Amino acid sequence: MKLQLLRKMIIFSFSIILITSCAGDKNGSKGPLGSAGAAQKVYVAPGEYDEFYAFLSGGFSGQVSVYGLPSGRLLKVIPVFSVDAEKAYGFNEETKPMLETTHGFVPWDDAHHPQLSQTDGIPDGRWLFINGNNTPRIARIDLTTFETVEIIEIPNSSGNHSSPFTTQNTDYVVAGTRFSVPIPQQVVAMTDYVGKYKGALSYIKVDKDGRMNIAFQILMPGFDYDLAHSGKGPSDGWTFFTCYNTEESSTLLEVNASKNDKDYIAAVNWKLAEQYIADGKFEEMNTKYLRNFYDDKTHSATTEKFEKVKILRPENCPGLVYFLPTPKSPHGVDVDPSGEYIVAAGKLAAEMTVHSFTKMLAAIKEEKFEDEKYGISVLNMDATLAGVVKSTGLGPLHTEFDADGNAYTSFFITSEIIKWKVGTWEVLDRAPCYYSIGHLMIPGGDSRKPWGKYVLAMDKITKDRYLPTGPEVNQSAQLFDISGDKMELILDFPTVGEPHYAQGIAADVLISKSKQIYKIEENQHPYATKSENDVKVVRDGNVVRVFLTTIRSHFAPDNISGIRVGDDVYFHVTNLEQDYDVPHGFAVMGALNSELLIMPGQTETLYWKPQYQGIVPFYCSDFCSALHQEMQGYIMVSPKDSKTELKWSVGTSE
Ligand code: K7E
Ligand code: CUA
């Protein structure tokens with residue numbers, strides 16, 4: 001507190017000096033004053049923490065990266081859908097099941113939309129969900145450990161883009177399909193697309209402990225379901241999905257899916273869906289999907305298989321879905337903090353359309369319909385329209401909200417953020433982005449109670465912002481201070497992968513919950529070794545299990561003999577440390593997978609198949625102490641048909 005006050009005073013006096021030495025530039029937004037002011041705003045002194053956590057998706061990296069704001073410092077990369085050799089994710093025996101799907105082991109995905117769990121529409125810091133776009137999945141990250149603990153596959157989906165977008169009490173996360181396909185899968189010619197290809201909107205129930213189950217799927221017309229947001233406050237109970245390709249074309253969509261002047265927002269009444277399910281108005285469809293769960297007591301993941309989903313058909317369920325006409329190929333759909341306004345960004349439209357939830361309900365009641373598509377009523381556009389934002393920006397994509405009734409929309413083509421007033425629709429400010437902004441994020445900016453303060457732009461093209469690094473240059477994020485009337489650029493920093501969306505949360509919600517160690521007495525890994533006295537090497541046919549421990553600065557055992565060429569060797573390494581921030585690594589020469597990086601109290605397993613006789617070293621790969629470089633050992637590998645006995649030791653050379 002004192003430190004902060006001191007810092008503020010220093011900044012204040014520094015500003016005075018600058019203002020007096022820079023006469024003529026009174027607003028201070030340009031020149032040396034601007035840059036010094038900006039640097040001060042993002043500087044976090046040693047001994048202090050950042051104010052917010054920001055979780056950025058990695059796009060084609062498949063992971064989530066965690067940054068501190070306002071400093072823009074990278075704190076962690078969380079492996080989610082892609083293997084990560086640094087953390088042995090997808091390489092050690094414990095996490096391999098996390099990436100299992102009905103297609104087999106999938107080592108990669110395209111992760112787009114992180115979404116924090118909410119209570120009463122406010123991010124609560126329990127979990128972060130994120131969608132896998134390519135092989136449809138949703139992952140859940142535990143925010144006490146910052147590790148992926150569950151991944152559920154979404155059947156009948158083909159491109160999980162409009163996902164996960166939680167409801168306001170995390171009753172559900174959703175999964176809308178980008179590609180429509182024949183459901184159930186079968187051969188239907190692309191020329192027969194119209195009416196025969198379908199899009200599934202899935203509702204995944206989230207239990208109190210976070211576990212995910214597919215509750216039901218709604219079988220929709222064969223459009224492309226692009227993005228979503230759930231209602232909040234008065235509109236809680238509804239989800240809004242944008243759709244494009246209402247033309248139902250299967251080819252050259254850049255032309256053929258841009259013909260209709262209007263596409264739709266699909267408004268889904270999920271509380272009514274629950275009622276239809278309870279009343280038995282569903283059909284059960286055979287399908288296949290997997291759910292993978294990582295238990296941080298056994299430090300291991302397991303896979304379960306499921307074979308049925310409940311299907312609701314809108315044509316048999318009156319009132320379940322309505323279409324709101326929305327100009328041309330809308331992309332993002334965002335609901336303001338009050339829950340009243342539904343903002344659609346028509347990426348090919350000049351203006352932005354805002355629908356009113358109250359008017360939508362009235363139009364439904366008064367049956368103001370202008371059309372019907374596959375049994376779904378299309379509401380009259382004027383009847384639901386709340387207003388139009390005449391921004392003069394081009395290519396609107398996404399909107400977030402601050403705490404003062406303002407909205408911020410990203411415009412890809414004109415590469416800018418436009419700030420406008422919710423309710424009056426007037427444009428208040430605009431700020432250029434370098435370059436080509438996609439998503440943007442305000443901490444809490446899609447919740448009922450935004451923290452505001454900053455908006456983070458996630459830019460697609462970096463060009464000349466950073467030093468050149470060959471043909472590939474990193475994507476870039478840019479941070480704006482939005483505490484004043486005008487947005488002020490205060491920082492830009494390169495990102496991991498290509499972030500599509502992000503979530504921000506006040507740091508103090510997470511700090512106290514963050515786990516520092518795994519308690520060794522709670523370790524229920526079936527191959528854990530809880531004391532150095534219990535280390536051993538056990539043979540069962542060709543399978544050899546090595547029970548190892550680590551503690552600064554040695555392995556036990558560190559001399560092992562009796563392993564033979566062709567054995568299936570499992571190194572079960574338990575880190576006996578019980579201090580914060582003391583992982584040990586484990587690396588074996590020539591191993592075909594990765595290192596292990598074992599947290600205090602954790603057990604991890606490396607599989608190894610020795611291929612030749614001789615002496616094979618292993619060592620700790622994480623600099624853990626002054627004698628880290630001494631943390632090493634030897635394995636003697638004997639010929640395949642030898643009769644050598646297993647022997648192990650530490651500290652004796654017998
Ligand atoms: Cu606009 Cu995948 Cu959310 Cu990219 S999406 S920007
Ligand atoms: Cu243990 Cu380095």
Side-chain angles (χ1 to χ4, degrees), residues 56-62 109-115 130-134 136 159-165 174-179 224-229 241-242 244 329-334 343-347 395-400 409-413 415 417 433 435-441 445-446 456-461 475-477 495 497-503 548-556 558 573-577 579 581-587 595-600 602 604 618-633:
L56 278 62
S57 69
F60 48 62
S61 89
D109 213 313
D110 179 19
H112 279 220
H113 305 120
Q115 182 81 163
I130 187 162
N131 62 318
N133 203 1
N134 183 56
N160 181 31
H161 194 255
S162 36
S163 178
F165 303 110
V174 302
T177 190
R178 170 173 168 197
F179 302 96
D224 289 36
Y225 297 87
D226 200 15
L227 276 154
H229 257 104
F241 293 88
T242 42
Y244 63 101
S329 303
H331 186 54
V333 53
D334 299 282
V343 181
K347 60 186 185 281
L397 292 183
H398 300 284
T399 299
E400 293 263 296
T409 301
S410 59
F411 286 76
F412 178 78
I413 298 171
S415 190
I417 297 175
C433 298
Y435 302 92
S436 301
I437 179 175
H439 270 276
L440 74 180
M441 181 277 281
D446 70 340
L456 185 73
M458 283 153 272
D459 303 335
K460 302 294 181 192
I461 299 166
Q475 275 73 14
S476 178
T495 58
E498 184 197 325
H500 285 255
Y501 191 30
Q503 294 269 277
L548 280 153
T549 60
T550 62
I551 197 145
R552 280 161 289 181
S553 298
H554 64 274
F555 291 99
D558 63 1
V573 189
T574 301
N575 183 356
L576 296 176
E577 304 282 357
D579 285 337
D581 200 15
V582 192
H584 289 286
F586 179 70
E595 65 160 352
L596 298 177
L597 190 63
I598 313 135
M599 297 303 130
Q602 201 178 33
E604 288 192 12
F618 61 91
Y619 74 101
C620 171
S621 48
D622 185 315
F623 207 109
C624 50
S625 71
L627 296 172
H628 153 78
Q629 203 69 349
E630 278 70 19
M631 196 165 171
Q632 63 176 51

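For ligands, and for the atoms within them, numbers begin at 1 and follow the listed sequence. Values below: every heavy atom of this structure, side chains too, minus hydrogens, waters and symmetry copies. Just so it is clear, the structure is predicted and the values come from calculations on it, not from any experiment.
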*Looking only at non-hydrogen atoms, which of E498, K460, M458 approaches atom 6 (S) of ligand 1 most closely?*
K460

*Tell me, please, if H398 has any N/O/S atom, main chain or side chain, under 2.8 Å from atom 1 (Cu) of ligand 1?*
yes

_For a distance under 2.8 Å, tell me if H331 has an N/O/S atom near atom 1 (Cu) of ligand 1._
yes

*Calculate, to the nearest 0.5 Å, the distance between atoms NE2 and OG1 belonging to H439 and T399 respectively.*
10.5 Å

So, does [X] use its side chain to make a donor-acceptor pair with the main chain of [Y] at under 3.5 Å?
| X | Y | value |
| --- | --- | --- |
| D109 | A111 | no |
| N133 | R178 | no |
| S410 | L440 | no |

Between [X] and [Y], a side-chain donor and acceptor under 3.5 Å:
| X | Y | result |
| --- | --- | --- |
| H112 | N131 | no |
| H500 | H113 | no |
| D459 | S476 | no |

*Distance below 2.8 Å from atom 1 (Cu) of ligand 2: how many protein N/O/S atoms qualify?*
4

*Hey, can you tell me if Y501 and F165 have their rings parallel, tilted or perpendicular (30° and 60° cut-offs)?*
tilted

*What is the closest protein heavy atom to atom 4 (Cu) of ligand 1, and at what distance does it sit?*
H500 ND1, 2.1 Å

*In H113, the N, O or S atom nearest to atom 3 (Cu) of ligand 1 is which?*
NE2

*asked:* With respect to atom 3 (Cu) of ligand 1, please indicate if H161 possesses an N, O or S atom at a distance under 2.8 Å.
replied: no

*Between L227 and ligand 1, find which residue part has any heavy-atom pair under 4.0 Å and reply side chain, backbone, both or neither.*
side chain

*What heavy-atom pair brings L597 and P583 nearest, and what distance separates the two atoms?*
CD1-CB, 4.3 Å

